[in-house]
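Encoded as structure tokens, the structure appears first; notes follow it.
The figures that follow rest on heavy atoms only: side chains count, while hydrogens, waters and symmetry mates do not. Indexing begins at 1, ligand by ligand and atom by atom, following the structure's order. This chain uses plain numbering: 1 for the first residue, then up along the sequence.
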Amino acid sequence: MGSLADLHCHSTFSDGRLTPAELVDLAYRNGVRILSLTDHDIVDGLPEAFSAAERYADFTLIPGIEMSTDVPGNEVHILGHFIDWHNPTFLARLRRLQESRLNRARRMVERLVQLGKPISWERVQFFAGEGAVGRPHIALALVEAGHVTSVNEAFSLYLSRNGPAYVTRDRLGPEEVIAVLLEVGGLATLAHPRELLAAGNLESLLAVLKAAGLTGMEVYYKDYLPEEIDTFRDLASRHELIPLGGSDYHGLGGPQQKEPGDIPLPIEPVHKLLALARERGALERARIAHAR
Ligand code: AMP
Ligand code: ZN
Ligand code: FE
Ligand code: FE
């Protein structure tokens, strides 16, 4: 049932509910043996994830990140795997993104006050904890204040891209982000392409991103149906992208949530990713299983 690999998961260092160590434990219990922690625009959870991985001899951990990017009218998320997450230029860039997230979240809280749905900045900070603040933390504060009954409702009424409390933030374009990831030796994968398919320009975007150095696309993602998986596998194959995937586990519940590893990702494309990382000299940045 579960997959041996899950290449897209979040922790408390962004908007996930589990600490990196708890995530590693849960993934391992679920049968995952190759995991990547991919928090939003932050790598600060990786040291904890790597030490937790030491508990398991037969466990591979790939350092990862999920970066938000903008194209006109839409949001594009790019996963970076095998990144050199100690690179000082990269870390400085991520710090600037964190600041921009903070400013944007403050402005969204102000909007909500103006909309008659007041929440306090302190509660948003509480839910964000030590990590990167994001809209899910604002959603949790809205639920707590009784303005909405669920995180999903908070998004559909206020926080989604077209919602009344939405504020944009500094973001790079997807090609720039791919360049940033390649600079730190990472392999770039387009995350959850369904929204982009609906917007109608996925084919041309894929051609542009492939030329910029994209090597993978999520196909086996969270709740994608078998026929969607077929569509995206075909697209990936035509654009010569490795068909990857992940649960995008956040642990916040909701109807679409999948547990770590609860996706039909086959092992062959994951081995292709590992082989490509080896070719590029990036494999050493992963913690590879001792036992095979
Ligand atoms: P941010 O990074 O602050 O723009 O927030 C984006 C995150 O919000 C995504 O990674 C998802 O985890 C979450 N999100 C986006 N849309 C929804 C939704 N409709 N319901 C619940 N969570 C969502
Ligand atoms: Zn998230
Ligand atoms: Fe995402
Ligand atoms: Fe994600």
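Annotation: cation-pi pair Arg93/Phe90 absent, no NZ/CZ under 6.0 Å from the ring centroid and within 45° of its normal. A cation-pi geometry, defined here as NZ or CZ lying under 6.0 Å from the six-membered ring centre and within 45° of its normal, does not hold between Arg194 and Tyr221. Under a cutoff of 6.0 Å and an axis angle of 45°, Arg55 and Phe59 do not form a cation-pi pair.
When non-hydrogen atoms are compared, ligand 1 lies under 4.0 Å from the side chain of Arg104 (C-beta onward) but not from its backbone. Contacts between His40 and ligand 1 below 4.0 angstrom, taking non-hydrogen atoms only, involve the side chain exclusively. By the criterion of a heavy-atom distance under 4.0 Å, the side chain of Asp15, and not its backbone, is placed next to ligand 1.
Here the N, O or S atom of His77 that is nearest to the Fe ion (ligand 3) is ND1. When the N, O or S atoms of Glu66 are ranked by distance to the Fe ion (ligand 3), OE2 comes first.
Annotation for ligand 1: atoms under 4.0 Å from non-hydrogen atoms of Pro136 are 5 (O), 7 (C), 8 (O), 13 (C). Close approach of ligand 1 to Gly134 (heavy-atom distance below 4.0 Å) involves ligand atoms 3 (O).
Counted by atom type alone, Arg169 and Ser68 present one or more donor-acceptor pairs between their side chains at under 3.5 Å. Between the side chains of His192 and Glu66, a donor-acceptor pair is found at a separation under 3.5 Å. A donor-acceptor contact closer than 3.5 angstrom is absent between the side chains of His137 and Gln125. Looking at Asp39 and Ser11, their side chains do bring a donor and an acceptor atom within 3.5 Å of each other.
Ion pairing between Arg17 and Glu22 fails under the 4.0 Å rule for side-chain N and carboxylate O.
Distances from the Zn ion (ligand 2) show that His10 has no N/O/S atom below 2.8 Å. At a cut-off of 2.8 Å, Asp15 is counted among the residues with an N, O or S atom near the Zn ion (ligand 2). Not one N, O or S atom of His40 sits under 2.8 Å from the Fe ion (ligand 3).
For Asn152, a nitrogen or oxygen atom sits less than 3.5 Å from a nitrogen or oxygen atom of ligand 1, counting backbone and side chain alike. At least one N or O atom of His250, backbone or side chain, sits closer than 3.5 Å to an N or O atom of ligand 1.
For Ser160, the closest heavy-atom approach to ligand 1 does not fall below 4.0 Å.
With respect to atom 15 (C) of ligand 1, the closest heavy atom belonging to the protein is Phe155 CE2, 3.4 Å.
Of the candidates Arg101, Met108, His40, Arg101 is the only one forming a side chain to side chain contact (heavy atoms under 4.5 Å, CB included) with Val133.
Here atom 2 (O) of ligand 1 lies nearest to Arg101 when heavy atoms of Arg101, Arg135, Glu153 are compared.
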